[in-house]
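Throughout, protein chains are lettered first and strands after them, A, B, ... in sequence-line order, and every chain is numbered starting at 1.
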Amino acid sequence: MKQQLLTLFEQAIGRLQADQVLPDDLAINPQFERTRQPEHGDFATNLALTLAKPARRNPRELAQLIVDALPADPLIVKVEIAGPGFINLFVADTAQRQVLLDIFDAAENYGLAQPDSGRYILVEFVSANPTGPLHVGHGRGAAYGDALARLLRAAGNRVESEYYVNDAGRQMDILGLSVWLRYLQHTGQQVALPGNAYQGDYVSDMARDLQAQYGEQYILPAEELAKAQSGLEDEAALDALISLAKLELGEDGWRVFFDCALQTILQGIETDLTAFGVDYDTWFSERSLFDSGKINAAIEQLKASGDVYEKGGAWWFRSTAYGDEKDRVVIRDNGQPTYFASDIAYHKDKMDRGFDECINIWGSDHHGYIPRVKASLQALGLQPDQLTVLLVQFAVLYRGGEKVSMSTRSGQFVTLSELCEEVGSDAARFFYIQRKSEQHMDFDLDLAKSQSNENPLYYVQYAHARICSIFRQATERCIALAEPASADLQLLSGEHERTLLTLLQRFGEVIENAARDYEPHQLTYYLRELATAFHAYYNSSKFLDAEPAQRDAILALCQAARQVLANGLSILGVNAPDRM
RNA sequence: GCGCCCGUAGCUCAACUGGAUAGAGCAACGGCCUUCUAAGCCGUAGGUUACAGGUUCAAGUCCUGUCGGGCGCGCCA
């Protein structure tokens, strides 16, 4: 409908230009906005205001000229000039009611753009280190990323979702070591678990399983461990223990602990995410980048172009040449590649897979990392603009009015699966998605858990369930339901009905805007608005007691509202229950 | 110290790429169930959009500065 209006106004502008009223070289970008108040009609445009200066005319005077030049069209029944020069448009009722037919026609596809009509997009999110279960801090990224992927898909893009598995690197080594140390404890060795190792119970559980399976095959006297780390600082001592373990256990023995930890935890993560309604198209392994030689290849390419140079025994990427604050190490002086080296290869790999756009969803604490990744893409001759990094602020948890501090290593956190069990994944998702992602967010666990009835999700779901209930009632009362499309829609002229029709019409625009801005929360607010309008309508009269013709029209509107609520919730990855 | 994000009702948050009188939910107060689900509806109250300047027809939105909060500034990930 906006498009139709735009066309009409372009004609009017063209006519004024032909009459020399307006200069030819105008850059016109008229905006049509839904009005907030009914007195302002259905749409408003600021066209005259923006053109006033280039046309050197008084805005209201110009608005009048535009209105006079506007071609007649049945879509518009009234035009008004208001305020400083807004043009308010009143749309014909028949056009408003057309939306119901559109909804019945498209059903579960209503509001959605043509599939695969847009771009080919990769959305990477969560990608937490597999060193422990996901906690509620990861939940926000999971909910946001998944909803965004669904939203972009709804907007017509071809979308793939991906989890980048950091199955290489020091953190994983520390985890493997932690499992081994716990194993040694279970076998009766007098060894301590350093404070900077992973403390969680899940580590101990894995160790117990391995003890049951391998007995004392992998034990080492406590004295050797003490000797290896004597006189070393905390982190250095940890590294010494890792080296010792790799040496004494051998490749295969070390792998027993390392792989057990990796696989167990990764499986747990996948299970938790599935329960949370998140499924990935791809689980991408960091180690595979080593195995395939892609890391080496990327570094070699950068060496060849002079973007990677040697200094002090290490190899540095010249990111300052591309706007970063300082150069970054890619190969340490001990020959080990840094995490950044993996990331260079990973992002190159993404680009090589042919996506039009790659979206990364990162915790906001990683924002300083963006310039160097973009720099690496540029150095490799790729398009940094094709990478979009969206940041998610960490949620600050509150329990009993007090801040809950969390850390994976200390093992003190509320897990995502606990949250799902206590409030349900629908409510948890909605809770997260409601907030704009870069906005700081307070997550009150007591509120989310104990007072889940206050969660706005139920308000929206209830509207859907209520409509379903109406139709069940109709069946019970043996009311013959007319084909919705055949109802006399002219009977829908009440205030509540007009409000609903306008909202239903807006659905596609909401998806479009939300997808454009990467903001699924816009959809949650829309759904609440739609639910509000429906609840108010519902309370205004008894639908099933109306005259048959009126009743058919009402039920057609209900059916359309139900469809849009279901479609919207589906994009958020939330269920639309038939009864509550 | 430098960089990025943020500051809106008592609390949690919106405000459609600068638009008309800044909106919801929760909390508070007052009403509405013999009739389709009260997880609901109707109403009241609540604001100098942190502060000070600037840009223009128009600023919560853009620019500068101040204050306050978060994060980052590793041969960690």
Exercise. Taking the six-membered ring of A/Tyr526, is NZ or CZ of A/Arg506 closer than 6.0 Å to its centre and within 45° of its axis?
Worked result: no

Exercise. Do any N or O atoms from the side chain of A/His535 and from the backbone of A/Tyr459 form a donor-acceptor pair under 3.5 angstrom?
Worked result: yes

Exercise. Tell me: CG of A/Asn360 to P of B/A77, nearest whole Å?
Worked result: 18 Å

Problem set entry | Sidechain N-carboxylate O distance under 4.0 Å for A/Arg170, A/Glu235 | yes

Problem set entry | Gap between atoms CD and C1', on A/Gln37 and B/A15 respectively (whole Å) | 14 Å

Exercise. Rounded to whole angstroms, how far apart are NE2 on A/His366 and P on B/C5?
Worked result: 18 Å

Seminar exercise, completed: Taking a pair to mean Watson-Crick or G-U wobble geometry with both distances below 3.5 Å, B/C4 pairs with B/G70

Exercise. Distance check: side-chain N/O of A/Arg332 vs OP1/OP2 of B/C76, anything under 4.0 Å?
Worked result: yes

For this session: Using both distances under 3.5 Å as the test, list the Watson-Crick or G-U wobble partner of B/C33, or none.
Result: none

Seminar exercise, completed: Residues A/Pro38 and A/Phe90: closest non-hydrogen pair is O-CE2, 4.0 Å

Exercise. When syn is taken as a glycosidic angle within 90 degrees of 0, is B/C6 syn or anti?
Worked result: anti

Exercise. Given atom CH2 of A/Trp362 and atom C1' of B/G72, what is their separation to the nearest angstrom?
Worked result: 13 Å

Exercise. A/Arg170 has an atom CZ; how far is it from atom C1' of B/C76, in whole Å?
Worked result: 7 Å

Problem set entry | Protein-nucleotide distance (A/His535, atom NE2; B/G25, atom P), rounded to Å | 11 Å

For this session: Could you check which nucleotide pairs with B/A45 in any of the strands shown, counting Watson-Crick or G-U wobble with both distances under 3.5 Å?
Result: none

Exercise. What's the OH-P distance between A/Tyr525 and B/C13, to the nearest Å?
Worked result: 9 Å

Exercise. Could you state the CG-P distance from A/Leu523 to B/C13, rounded to the nearest angstrom?
Worked result: 20 Å

